[in-house]
Amino acid sequence: MSTEQVSHQGEMEQFSYDDKVVKKYILASLFWGFAALLAGVTIAFQLSSWKFNFGLEWLTFGRLRPLHTNAAIFAFVGNAIFAGVFYSLQRLAKARLFNSFMANFQFWLWQLIIAGGGLSLLLGYSHGKEYAELEWPFDIAIAIAWVLFGVNILGTLWKRREKHIYVAIWFYISTFVTVAVLHIVNSIEIPVSLMKSYPVYAGVQDALVQWWYGHNAVAFFLTTPFLGLMYYFVPKAANRPVYSYRLSIIHFWSLIFLYIWAGPHHLLYSTLPEWAQTVGMVFSVALWAPSWGGMINGLLTLRGAWDKVRRDPVLKFLATAVTFYGMATFEGPLMSIKSVNHLAHFTDWVVGHVHSGTIGWNYMMVAGIFYFMIPRIWNTTLYSVKLANLQFWTATIGLLMYMMSMWTAGITQGLMWRALDDGGRLVYPQFIETVVKIIPMYWVRAFGGVLILIGFMFMLYNIFKTIQQAKKEEEPVYQAPALSSAKPEAHAGTHRKLEGMPMVFTILALLAILVGSLIELVPTLTSHKYLAQKTFMKPYSPLELVGRDVYIKEGCYVCHSQLVRPSPDEYIRYGTVSLAEEHVYDRPFQWGSRRIGPDLARVGGKYNHMWHYKHMIDPRAVTPGSIMPVYDWLETKKYDHKTLRKKMKVMASLGVPYSEDEIDNAIENAKAQAMGIANELSESGVSKDIADKEMVALIAYLQKLGADVKQAIKDGKVIDKAGGAE
Amino acid sequence: MRDQVLNQFEHPWLMVVGMILFIMVFIGVLYMVTGKKNNSSFSEAEQLPLEDGQKIGGAK
């Protein structure tokens, strides 16, 4: 776009804003927000007592937890982003939305993805990768909706009447480009059937791509759009300009440049190459600076307006949100330091951290901007300030209960896992001891969640009453000079000029995030070390492969890790430390992120088939006090053998050494292996015929976990050791 | 632990490249935003959220 503009002084244009679609996104966000919180409270109670799984397969923790996270991120927060961005973008650009039909199409497509995706998660269709669980048809639909969103942002900027692009919009642009890149790269998968696919990456490579995606979903879905909204709504609500425009420019570029590198802090002490782990750690710590720069900029905007913060619910929510943002972005870098991470990782500390971000920052921001927008676009006043204040206090107290209980639970359990006595033995050798200890904290957390939910219901009622009292009026009309009348600025600084060029700006933002992504991903993705070559690992047998898919379907990975870290306590508790080579056939990888139950990487051969059978039917029969759900439907549901050959063909096309023969005889092989397990079970007294049921497939898979490594140690191919992988 | 980290450092130059790039971007941005000639344009830009265009009709 040229900076030279023909000058038509004084040429005024009339226009209006499309607030109808903004209204729709607000209502959708409120609706799904309630659903997400309700699911959250339910799973919180499921961890306090297993009975809250209700014995229903589609309501078990493993399926409901992905529903909760996806609904919170993409449905509640996602719709709020669209509402806030479309509202502020139009006003900052002084132009009507580029294309209302497209925005409405995007709206309905997004709601369809949410409703269909939610249902599919409950039914057990899942990728098994956190926050990317939805299967491939949804991935395609998400990409389409996202492109529509981006086209509308850029299109509106193209039609704008304000030459300069305000800082909020830079954050929106970086959100759009980065999420597009993340989603596409992490979703490259090969379909097996309509609702099943395997990722093209395996093991370590899959882990790296997934957490590059996962962390940056936090960065570019939960953070950058909200920083943009902060830069618009905080000045607006306080009625004073942002504290420092200069600082906002530095904030923006440093933040997006650094954020993209931080993903590997989710994989510390894993088999990811050390250098990548170190990069992740260093950049995470460095992130503290721009994050706090932004927080300070937001809070200082309120200087001289603190009395308003006390009176105005909008500012109260916004100021609290920014404060929680500061807390969460202090805690995050701290938890990325390797030694701290060793304690925090796999515990509830991480869960607490996430909620200080999503509830403290995102939910509080959403409440603030909704209370700002709703009276304005419905042309009325807020029904009750008192109720909004009540909501604020219930939510804040609920959140503090949540965070404090999770800190306590996380640190307690982390310390118990690693406690060794003078003789070098585990002080708490039974994993369940460390679970039972923190159950009281789970109750505190659940009640904290209930308070947050109640606060949310106050907001629903308040907004319902506000809208009800709205008067119907025509769309307001605005006027502003046409862009073509803007005078070229002779002495504008470089960045100021850049702000007049949205396309160039978009490309620069894309470059900023691609640098970190490429440097971090390419060496590991192109290294043949992580692909199946001469390895001691045997590919999964057909039955094990089916069992693995049952494991993914039931969401066992939300409670169980499959990664033994190099430390004495993990070596004693689980066995030899995890090796990169072990995961060459794992599509998707299943390292997990939380050990609500013990690590399973070495469980193969630890128990006999009968133990697993009893444990799945009734975990408390073998481990009193267990909070694992009952999985009794596994002994009545037939495992899926129809797609088995196709599954193996896809795997073979990705490099798994299955021969043609093995693929042709897959079903017979699976049946033979299943028969062996079923026979052993029936000798131990199982009277039901379960040879063709999911139960035997799952047991076959569990018995395979770690079996090849144990054999390799026996054969002298691998040294059994506690530290330093490979 | 330090030795262990350094031993397995397969691509030390990559981190250096990353850091150098970041420092370049940082200094570049710092250079762009300081300087007095921006003063007036920044104070103009700061005001952008506070104006929605002039309302001339429809609802109040």
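This is a predicted model, so every value here is computed, not measured. We use all heavy atoms of the structure for the numbers below, so side chains are in, but hydrogens, waters and symmetry mates are not.
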Applying a strict 4.5 Å limit to non-hydrogen atoms, the region of A:Q14 in contact with chain B is side chain
Rounded to the nearest 0.5 Å, how far does CG of A:N297 lie from CE of A:M230?
6.0 Å
According to side chain to side chain donor-acceptor pair (under 3.5 Å), who are the partners of A:K23, at least two apart in sequence or on a separate chain?
none
So, the part of A:Q479 with a heavy atom under 4.5 Å from chain B: the answer is both
Could you look at B:F22 and say if it's the side chain, the backbone, both or neither that has a heavy atom under 4.5 Å from chain A?
both
Among A:Y232, A:F252, A:Y231, whose ring-ring contact (aromatic ring centres under 6.0 Å, His included) with A:W170 holds?
A:F252
Run the salt-bridge test on A:R91 and B:E51 with the 4.0 Å N-O cut-off and return the result as yes or no.
no
Applying side chain to side chain donor-acceptor pair (under 3.5 Å), name anything that partners A:S16, two or more places apart in sequence or on another chain.
A:R96, A:E475
Among residues 509-521 of chain A, those lying within the under-4.5 Å heavy-atom range of chain B are A:V515, A:I519
NZ/NE/NH1/NH2 to OD/OE distance under 4.0 Å, B:E44 and A:K163
no
With sequence neighbours left out, the residues meeting side chain to side chain donor-acceptor pair (under 3.5 Å) with A:Y17 are none
Which bit of B:S43 comes within less than 4.5 Å of chain A, counting heavy atoms only: side chain, backbone, both or neither?
neither
Checking A:Q90 side chain against A:D18 main chain: does a donor-acceptor pair fall under 3.5 Å?
yes
